[in-house]
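Beneath this line is the structure, given in structure tokens, with notes to follow.
Counting starts at 1 for both ligands and their atoms, following the listed order. These numbers come from the heavy atoms of this one structure, side chains and all, not from hydrogens, waters or symmetry mates. Model, not experiment: these values are computed from the prediction.
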Amino acid sequence: MTSPALPGWSAAAADLPARFLDRRRPTPVPDPYLVAWNPLMAADLGLGVDPGDLVATLSGNLLPPGVAPHAAGYAGHQFGTWVPELGDGRAITIGALPGRDHVLREIQLKGSGMTRWSRMGDGRAVLRSTIREYLASAAMAGLGIPTTGALAITGSDLPVYRERTETAAILTRVSPTFIRFGTFQWLASLGEREAVRQLADTVIERFFPALLALPVDERHGAWYAEVVARTARLMAAWIAVGFAHGVMNTDNFSIIGETIDYGPFGWMDHYQPGLVCNHSDWQGRYAFDQQPMVGLWNCSRLGEALYPLVSEPAAVAALERYHPTYEAEVIRRMRDKLGLITVDGTDADLISDFLDLMQATGADYHRSFRALSRWDADLAASREALIAAIPDGGRLDAWLARYAARLANEPRPAAQRHAAMLGSNPKYVLRNWVAQDAIGNAETRNFAAVDAVRALLDDPFREHPAFERFAAGPPAWAREIVVSCSS
Ligand code: AMP
Ligand code: MG
């Protein structure tokens, strides 16, 4: 069955040759209903329709005409261990729609049933995990960080068995491509050198078109260097916004440098560089402060998969640029957070001492930077607000004296600095407890609560007085939330 009233759909570009795909339709669910819907993303995709009309499509029950749904294979290193075949075990790309920029976006239904790669899984996702991914995607986008998009969640009362019986939900994910580092690793491990080259050329043509100006023999090396650089900048962005991904396996790394596959992620509450947000990560491999190193490790594994398309000297040169690119981006972002527009050799120390101060006092990362954004040496109330976040007056005043001296060399007037800092230091991030609050509401059928949080996260730098409580650290009931891979 196909759906009549949906213009604009096309078959998703077959980035991979057919033998690496599973041409498979979603498995229908009983009586689907709409849980969440992102109207701005919908409008961008030309879906300015009543979302009710789309429930059948987005649940996988009724496909648009002319599409050719598929799941794709990939491999990857999971927690450092090579897994020779993974693939979309519960995600099916149903087709593609152009955005306003005319770039095609793949529309993927995560949780839409079994595929060739489901292994022991049921092909489903639960309401809880789709809400976490939906909200995290919006939060990242709101912070201006590359991410896959989330258009909608549909639900069904179909039971899904995890640690307890839950219900099924399907997340509509949106991205120009879902090709991962692990896609290249899979093809390379199969000895499919020609397929590696073809996929690289397709990815370059579609997503790195500027590189087409280079001579053919330089193109692949330059492309790999650009993927490495995007990854380094993405890691810097995560660190600056206090985000830990939780499952940085190479199959969860996007070839276009988007954040992808939100599972047991976490945004910091109190600043804790060793934060391990994934309860299943008992070794702390993916701890918050390990992320830059893991990003480099993953890029190295990609480089191996691309050999000999990318020569060893070219790969080494690209990897040697990773740390300088990361460092430049992270300090640029941290200078923004401190409101500094000039460069001073002491900035790195000023930043790391502020982080140390937050860590030592158990201060909330986001509230501290938010309070600092309004701090003015002449305004006693602004110091009080900062002290409320960082409760060690002596150390705080000593640090503020250095900060004030540094600010004295800045050409920008204080009022402009405050405004810019409020635009760099979000008031709202997706704290685990906020996600949990939305999940609790949705599980009692108050679905509107999910899009209320999503709208807040679309615009995280402004004050939203009605949602003030979501800017706070976890309430007592939420202090011990643990998030595992179960989803
Ligand atoms: P993730 O941890 O979400 O990145 O998933 C790792 C791998 O497990 C991917 O290949 C997923 O498609 C697969 N997977 C996760 N959950 C399920 C499930 N319920 N059914 C089938 N495959 C799954
Ligand atoms: Mg994954």
Side-chain angles (χ1 to χ4, degrees), residues 16 20-22 24-27 29 60 69-93 106 108-134 136-137 140 147-148 150 155-156 158-171 173 175 177-187 189 234 244-256 258-266 276-282 285-286 294 298 301-302 483-487:
L16 277 167
F20 302 115
L21 301 175
D22 180 10
R24 154 118 41 177
R25 301 169 71 92
T27 306
V29 289
H70 70 261
Y74 48 83
H77 283 89
Q78 296 193 310
F79 291 89
T81 302
W82 172 245
V83 183
E85 188 160 345
L86 285 158
D88 296 324
R90 55 173 171 168
I92 294 177
T93 295
E106 292 191 15
Q108 186 177 77
L109 304 184
K110 182 168 177 180
S112 60
M114 297 197 20
T115 75
R116 179 178 142 191
W117 292 288
S118 295
R119 296 175 292 162
M120 308 298 282
D122 56 6
R124 293 296 176 194
V126 294
L127 182 62
R128 156 179 65 81
S129 70
T130 54
I131 291 173
R132 282 177 58 83
E133 178 154 2
Y134 179 81
S137 311
M140 272 301 175
T147 177
T148 56
S156 164
L158 180 75
V160 175
Y161 306 98
R162 298 292 182 261
E163 286 84 358
R164 60 187 169 100
T165 304
E166 303 184 49
T167 58
I170 295 133
L171 178 75
R173 291 206 293 194
S175 175
T177 182
F178 292 97
I179 301 288
R180 300 135 191 275
F181 286 16
T183 319
F184 287 95
Q185 289 183 287
W186 188 47
L187 301 180
S189 72
L234 184 65
H245 181 284
V247 200
M248 298 170 67
N249 298 334
T250 55
D251 51 300
N252 290 342
F253 263 52
S254 151
I255 201 69
I256 55 172
E258 289 184 339
T259 312
I260 186 172
D261 276 8
Y262 294 91
F265 62 82
V276 180
C277 57
N278 179 356
H279 190 60
S280 319
D281 181 10
W282 51 273
R285 179 180 174 88
Y286 298 145
V294 176
N298 288 353
R301 302 291 79 73
L302 175 65
V483 191
S484 72
C485 280
S486 156
S487 61

Pair up each side-chain donor or acceptor in residues 72-84 with any protein partner under 3.5 Å, not counting sequence neighbours, and list the distances.
| from | atom 1 | to | atom 2 | distance (Å) |
| --- | --- | --- | --- | --- |
| Tyr74 | OH | Gly87 | O | 3.3 |
| His77 | ND1 | Gln185 | NE2 | 3.0 |

### Query
Do His70 and Leu16 pass the side chain to side chain contact (heavy atoms under 4.5 Å, CB included) test, and can you show the C-alpha distance, the side-chain angles, and the key distance before you say yes or no?
CA-CA 11 Å; His70 70 261; Leu16 277 167; over 6 Å; no

### Query
Do any heavy atoms of Glu85 fall under 4.0 Å from ligand 1?
no

### Task
Using protein heavy atoms only, decide if any is under 4.0 Å from atom 1 (P) of ligand 1.
no

### Message
Taking only non-hydrogen atoms of Gly87, do any sit less than 4.0 angstrom from ligand 1?
### Response
yes

### Query
So, for Ile179 and Phe184, which heavy atoms are closest and what is the spacing to 0.1 Å?
CG2-CE1, 3.7 Å

#### Entry: Per-atom contacts, ligand 1 versus Tyr74 - under 4.0 Å to a heavy atom
9 (C), 10 (O)

### Task
List the atom of Gly89, the atom of Ser118, and the distance in Å for their closest heavy-atom pair.
O-OG, 2.6 Å

### Query
How far apart are the closest heavy atoms of Phe265 and Arg132, and which atoms are they?
O-NH2, 2.9 Å

### Query
How close do Met114 and Asp122 get, heavy atom to heavy atom, and via which atoms?
CG-O, 3.4 Å

#### Entry: Polar contact flag for Asp88 and ligand 1 (N/O pairs, less than 3.5 Å)
no

### Nearest non-hydrogen partners of Asp251 and Arg180, listed with the distance
O-NH1, 2.7 Å

### Task
Tell me, please: is Asp122 in heavy-atom contact with ligand 1, that is, under 4.0 Å?
yes

### Query
Counting only protein N/O/S, how many atoms fall short of 2.8 Å from the Mg ion (ligand 2)?
2

### Message
Distance under 4.0 Å to a non-hydrogen atom of Asp261: what atoms of ligand 1 satisfy this?
### Response
4 (O)

#### Entry: For atom 21 (C) of ligand 1, closest protein heavy-atom neighbour
Gly89 O, 3.2 Å

### Message
I'd like to know if the side chain of Asp261 and the backbone of Asn252 have a donor-acceptor N/O pair within less than 3.5 Å.
### Response
no

### Query
Against heavy atoms of Gly121, which atoms of ligand 1 measure under 4.0 Å?
18 (C), 20 (N), 21 (C)

### Query
Quick check: does any side chain N or O of Asn298 sit under 3.5 Å from a backbone N or O of Phe253, one acting as donor and the other as acceptor?
no

### Query
Got the closest protein heavy atom to atom 20 (N) of ligand 1, with its distance?
Gly123 N, 2.8 Å

### Task
Any chance you could lay out the side chain to side chain donor-acceptor pair (under 3.5 Å) test for Thr147 and Tyr262, step after step, and finish with the verdict?
CA-CA 10 Å; Thr147 177; Tyr262 294 91; 2.5 Å; yes

### Query
Applying a strict 4.0 Å limit to heavy atoms, is Met120 in contact with ligand 1?
no

### Task
Using heavy-atom distances, let me know which of Arg119, Arg162, Arg90, Met114 sits nearest atom 13 (C) of ligand 1.
Arg119

### Side chain His245, main chain Gly263, donor-acceptor under 3.5 Å
no

### Query
How close do Ser129 and Ser487 get, heavy atom to heavy atom, and via which atoms?
OG-O, 3.0 Å

### Message
Looking at non-hydrogen atoms alone, which of Thr115, Val126, Leu86, Asn252 comes nearest to atom 4 (O) of ligand 1?
### Response
Asn252

### Summary
protein heavy-atom neighbour closest to atom 6 (C) of ligand 1 works out as Gln78 NE2, 3.9 Å

### Task
Please assess Glu106 against Ser175 for the test side chain to side chain donor-acceptor pair (under 3.5 Å), listing each intermediate value before the final yes or no.
CA-CA 5 Å; Glu106 292 191 15; Ser175 175; over 6 Å; no

